Protein chains: 2
Amino acid sequence: MKTVYERADIVPLLAEIFRELGYAATSLSRITERTGIGKGSLYHFFPGGKEEMAAAVLADVDAWFEHAIYQPLRRDDARQAVAAMWTNVNDYFRSGRRICLVGAFALDETRERFSSAIGGYFIRWIDALRSALMRAGCAEEEAQVLAEEGVAGIQGALVLSRALDDTTVFTRSLETLAKRLDAVRR
Amino acid sequence: MKTVYERADIVPLLAEIFRELGYAATSLSRITERTGIGKGSLYHFFPGGKEEMAAAVLADVDAWFEHAIYQPLRRDDARQAVAAMWTNVNDYFRSGRRICLVGAFALDETRERFSSAIGGYFIRWIDALRSALMRAGCAEEEAQVLAEEGVAGIQGALVLSRALDDTTVFTRSLETLAKRLDAVRR
DNA sequence: GTCTATACAGTGATAGAC
DNA sequence: GTCTATCACTGTATAGAC
């Protein structure tokens, strides 16, 4: 039995492994172990090795957020887009069981390797959310602070719910954040 | 030239390295490289190797928070203790330049190794903060939610300020959180 | 207590057979 | 495209001289 892959099939598998183990602890042998994909195939698709794999994963994650979260925040009805963000974020992070790869990379030396991808992800999230809040009637300065509070709050909720191994903490945190961002609009 | 250490001298040095690199990327050779302490000495003080080093660091961090943050929150004037928490946290994390080791450990597989230490740190932080909020006039359920919001918010602010490489994001986030926890008290 | 030397499993990476 | 074999290197850990 032999499976033939495309690059696009591998990236989500890699993403899950990087998410669970972090960049440093993700070794090629553990990737092979979990996916059944040999080193030969991995280096065929990612000649740059582990770093190229992680970069591809980051780009994939970014594309998902751009499509599912940021664009609606920038273009659609502000109230609906913000509401959709909370439910999509809760689903994407599996109520806190799944962590944010970009946030995790930001916390250790991995940040230095991917600083522009990491920075861009958060910058665009905050900008898109601020845009929606302003369209919903919020002043620019307040919208900026609220957008930062929302995005940071999600990251913190992931850390906390994982530390306590309790998904209710994550869901409850999202509800609290939603109220905070809702209160100012009219 | 030869320096003789005590275990207590080494732990803070290890803490800084674990904080910067994370558990997996912290190797004994990098510890030696940065501290000048040889493998022989390290294994003399920590026969359990890297895992015992990290456990000692976590215990040290925990002791600091217990003394500087949790105990005041439980015992001192509630308003003053909460206010002191914000300034102490800002100083301890160097306005976001320094990350929270416990939070970072919670995000990858390192959590499994130290789950009780990680869980205890956050449980006791939240409990102590809730106690202070209740003494300041907050109902129990609301105090619980606010305490979680505060602690999670700090973790999120660390992620965000590091991702954006911007200490003002951290300081501003703490101010916003302080207002949130202040609003309900009378 | 600290150092040097060393064991040996695991690392990322490459080359060539198929 | 995938596999196996192999590379040089670094990982943790140990033993013994000083």
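We name chains A, B, ... by the order of the sequence lines, and we start the count at 1 in each one. All values derive from a computational prediction rather than experimental measurement.
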Gap between atoms [atom1] and [atom2], on [X] and [N] respectively (whole Å):
| X | N | atom1 | atom2 | result |
| --- | --- | --- | --- | --- |
| B:I31 | D:dG11 | CD1 | P | 11 Å |
| B:H44 | C:dT2 | NE2 | C1' | 9 Å |
| B:F46 | C:dT2 | CZ | C1' | 15 Å |
| B:L42 | C:dG1 | CG | P | 14 Å |

Nucleotide by nucleotide, nucleotides 11-18 of chain C touches protein heavy atoms under 4.0 Å in the pattern (B base, S sugar-phosphate only, - none) SSBB----

Using the side chain to side chain contact (heavy atoms under 4.5 Å, CB included) criterion, which residues pair with [X]? Sequence neighbours excluded.
| X | value |
| --- | --- |
| A:Q71 | A:E66, A:R74, A:R75 |
| B:A54 | B:F18, B:Y23, B:F105, B:F114 |
| B:N90 | B:S95, B:F170, B:T171, B:L174 |
| B:D91 | none |

Is any side-chain heavy atom of B:L146 closer than 4.5 Å to one of B:L129? no

Sorted by number, the residues of residues 15-23 of chain A with heavy-atom contact under 4.0 Å to DNA chain D: none

Can you pull the ring-ring contact (aromatic ring centres under 6.0 Å, His included) pairs that have at least one residue in residues 27-53 of chain A, sequence neighbours excluded? none

In short, side chain to side chain donor-acceptor pair (under 3.5 Å) pairs touching residues 128-143 of chain B with sequence neighbours left out are B:R130-B:Q144, B:S131-B:R135

Can you pull out the residues from residues 104-118 of chain B that lie within a 4.0 Å heavy-atom distance of DNA chain C? none

So, using salt bridge (Lys or Arg N to Asp or Glu O under 4.0 Å) as the criterion, who are the partners of B:E51 when residues are at least two apart? B:R113

With sequence neighbours left out, the residues meeting salt bridge (Lys or Arg N to Asp or Glu O under 4.0 Å) with B:D9 are none

Under the salt bridge (Lys or Arg N to Asp or Glu O under 4.0 Å) definition, can you give me all pairs with a residue in residues 33-42 of chain B, not counting sequence neighbours? B:E20-B:R34

